[in-house]
Amino acid sequence: MIEKNSSKTFLKEIEIKYGQGLMDALLDSGADNVDAFNVINSLKDHFDARKIQVGQKLNLYYLSNGNIDRLEMKKNFDNLIIVQGKEKNYGSTNVFLPSQVITRHTFGFIDDSLFLAAQRKGLPQIIIANLIRIFSYDVDFQREVRKGDQFEVFYERKLSKDGRSVQEGNILFAKLTLSGKEISLFRHTPSKGGFVDYFHEDGQSSKRALMKTPIEGARLSSYYGTRKHPVLGYNRMHKGLDFSAPTGTPIMAAGDGVVERASWYGSFGNYLRIRHNGTYKTIYAHMSKYGRGIKKGVRVQQGQIVGYVGATGRVTGRHLHYEVYMNGTQVNPLTLKIPSGIKLKGEAFQKFKVVIEKTNQMIKEIKSHILLTREIT
C-alpha cells in the first residue's frame, strides 16, 4: 500500500485481471461491499462498468478507516473519470486531459514486406496496420510489392501534457512507390459531419466494396480453379485463394458487413462468413482463432482484424483459405471487378486541393528541418 501525500489517504494501484469485473477488483483490493457498489453505481453517467477491459488501470485511495475516498480511472487518452465522496454520497466527474498533437514523417525501402520494412523503421504497429489497411483497396500485397519498392507515411502522435503518455493518431498522408509507380493517399473529410476517407490526388476515393486481399505479408500458395487436392489426392475445383503465412498472422475483413457465421465448419476448421451487402459475401477458413468480439450478428468494418492464420480443419499446413461470393455464386477474387468509391468534383474537389497543399507544405517543412539538423550536426 503506497501512501499518498497525506496522512489520511492511502493509494492502491489496481490493474484489471483476466476474468475480473470492476466489483471483483475493488473487493480484492480490500474495499467494503457497500462502498464498492456505490462507487461503481456513481460511474454510470460516464462509463459502463460492464465494459471494463483486462489491463485497465485504476488508482484507488482509501481513508485510514478502510473506506474508499477516491477512484481515478482513465476512460481514454483524453478523459479521466474521478469518483469521490463517502458511503452513499459518491459522485463522479469527467476531467478532460490536455494534450498536444505532433506530426511524424517516415520513409524507407521494402526488402521483403511492407509490414517488416515499416517495423524496421520504428513505425508503431497500429500505424503499420492502418497503413496496410488504407492501401489494401488499391494494392495486391502478394503480387505487386517487390524488393526495392518504397513507402512514405506522415502521421499524428498525441502527447499528454506531462509527456508520459503517447497515443498514435491519424495517418495524414501515405505513399507507396511500386515498380516506379507512385500511389499517394490523403486523409480528408469531404463534407461537414461526413465520414473520413482517403483520396488519390485526382479526388478518387481509395475505398472499394472489398479490399483486394485480406492479409499482408503472405504468399499466394493456391489459385482459384481446378487443382489436385493436397489431402484427398484427386482433382477438384478450388473455389477460392490460399494464402500461406505464419500461424497468428492477422486476417482483415475485406469489407464492411455483418458476421453470418463464426464457428467450426467441418473441413474448413475455424470458419467465418461475412455478408457485406446484397451482392457480396466473403469466407475465411482454417483460422487458428477469431478476432476479439467476432461472433454471429456482429457488425465489422473494412480492415478490422477478424481472425488469425492457422491450420484447423482438413489441411496440410497453416494458411488462410479465402472465398468471395457475388450474388450467391463463388467468383475468382483476383479477377473480380470491384466498384470504386466516390470521386470529388466541383467545390468539394477544390476544398480537397487545399488539404493537399497544406499537407504537402507540412511535409516539406519537416523534411527541411531534418536536412538542416543534419547539416548543423
Side-chain angles (χ1 to χ4, degrees), residues 101 103-106 114-115 118 123-141 144-145 151-158 167-178 181-216 250-258 274-280 282 299-306 324 333 336-363:
V101 177
T103 51
R104 296 180 64 85
H105 178 261
T106 303
L114 174 58
F115 181 88
L123 274 177
Q125 287 214 0
I126 189 169
I127 296 297
I128 299 175
N130 286 335
L131 181 65
I132 292 168
R133 178 182 60 81
I134 65 176
F135 278 112
S136 290
Y137 315 118
D138 294 287
V139 177
D140 182 338
F141 286 103
E144 296 178 0
V145 178
F151 74 93
E152 181 179 353
V153 60
F154 179 57
Y155 66 99
E156 296 175 324
R157 172 175 285 178
K158 190 180 288 186
Q167 183 184 67
E168 308 305 340
N170 302 310
I171 293 176
L172 303 179
F173 164 80
K175 180 170 71 174
L176 283 181
T177 304
L178 307 177
K181 180 185 176 182
E182 294 184 354
I183 306 173
S184 297
L185 295 177
F186 293 84
R187 188 176 193 272
H188 177 55
T189 306
S191 60
K192 188 176 181 180
F195 293 100
V196 173
D197 205 345
Y198 286 88
F199 293 85
H200 297 278
E201 289 179 280
D202 64 356
Q204 177 66 59
S205 167
S206 68
K207 195 168 186 179
R208 288 172 167 78
L210 297 177
M211 294 158 59
K212 282 195 172 184
T213 52
I215 189 171
E216 197 274 333
I251 299 164
M252 297 175 284
D256 296 348
V258 176
I274 301 174
R275 182 183 74 252
H276 300 286
N277 50 34
T279 303
Y280 300 107
T282 54
R299 181 168 293 278
V300 296
Q301 292 183 314
Q302 194 168 51
Q304 180 179 338
I305 294 175
V306 292
V324 177
L336 180 64
K337 300 297 182 183
I338 303 170
S340 59
I342 64 171
K343 185 163 185 177
L344 303 174
K345 298 178 181 179
E347 184 180 349
F349 181 60
Q350 294 306 313
K351 289 181 179 178
F352 175 57
K353 286 174 69 175
V354 173
V355 171
I356 292 177
E357 290 172 7
K358 287 182 177 179
T359 304
N360 285 336
Q361 182 60 35
M362 292 169 70
I363 295 172

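Values below: every heavy atom of this structure, side chains too, minus hydrogens, waters and symmetry copies.
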How long is the gap from [atom1] on [X] to [atom2] on [Y], to the nearest 0.5 Å?
X      : Y      : atom1 : atom2 : answer
Thr106 : Glu152 : OG1   : CD    : 9.5 Å
Phe352 : Lys343 : CZ    : NZ    : 11.0 Å
Leu210 : Ile274 : CG    : CD1   : 10.0 Å
Phe115 : Ile215 : CZ    : CD1   : 11.5 Å
Arg187 : Asp197 : CZ    : CG    : 10.0 Å

State, yes or no, whether a side-chain contact exists between [X] and [Y] at a heavy-atom distance under 4.5 Å.
X      : Y      : result
Asp256 : Lys207 : yes
Leu336 : Tyr280 : yes
His200 : Asp138 : yes

Which pair of heavy atoms, one from [X] and one from [Y], lies closest together, and at what distance?
X      : Y      : answer
Phe199 : Pro190 : CZ-CG, 4.1 Å
Leu131 : Phe151 : CD2-CD1, 4.5 Å
Ile183 : Phe135 : O-CE2, 3.5 Å
Ile134 : Ile171 : CD1-CG2, 4.2 Å
Val139 : Glu144 : CA-OE1, 3.5 Å
Met362 : Thr103 : CE-CG2, 4.0 Å

Just jot down the side-chain contact (heavy atoms from CB on, under 4.5 Å) partners of [X], sequence neighbours excluded, or say none.
X      : result
Gln350 : Lys353
Thr359 : Phe154, Phe173, Phe186, Val355, Ile363
Met211 : Ser136, Tyr137, Met252, Gln302

- Message: Looking at Ile342, is its backbone amide N or carbonyl O close enough to the side chain of Gln204 to form a donor-acceptor pair, meaning the two atoms are under 3.5 Å apart?
- Response: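 Judged by distance alone, yes, a pair lies under 3.5 Å.
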- Message: Please check if the number of heavy atoms outside Ile126 that lie under 6.0 Å from its CD1 is greater than 12.
- Response: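 12 or below, so no.
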- Query: In terms of heavy-atom contacts, does CD of Gln361 have more than 12 from other residues, nucleotides or ligands at under 6.0 Å?
  - Reply: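 Correct, the count exceeds 12.
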- Would you please test Leu114 and Leu176 for side-chain contact (heavy atoms from CB on, under 4.5 Å) and show each step? CA-CA 9 Å; Leu114 174 58; Leu176 283 181; 4.1 Å; yes
Which residues pass the side chain to side chain donor-acceptor pair (under 3.5 Å) test with [X], not counting sequence neighbours?
X      : result
Glu168 : Arg157
His188 : none
Lys158 : Asp78

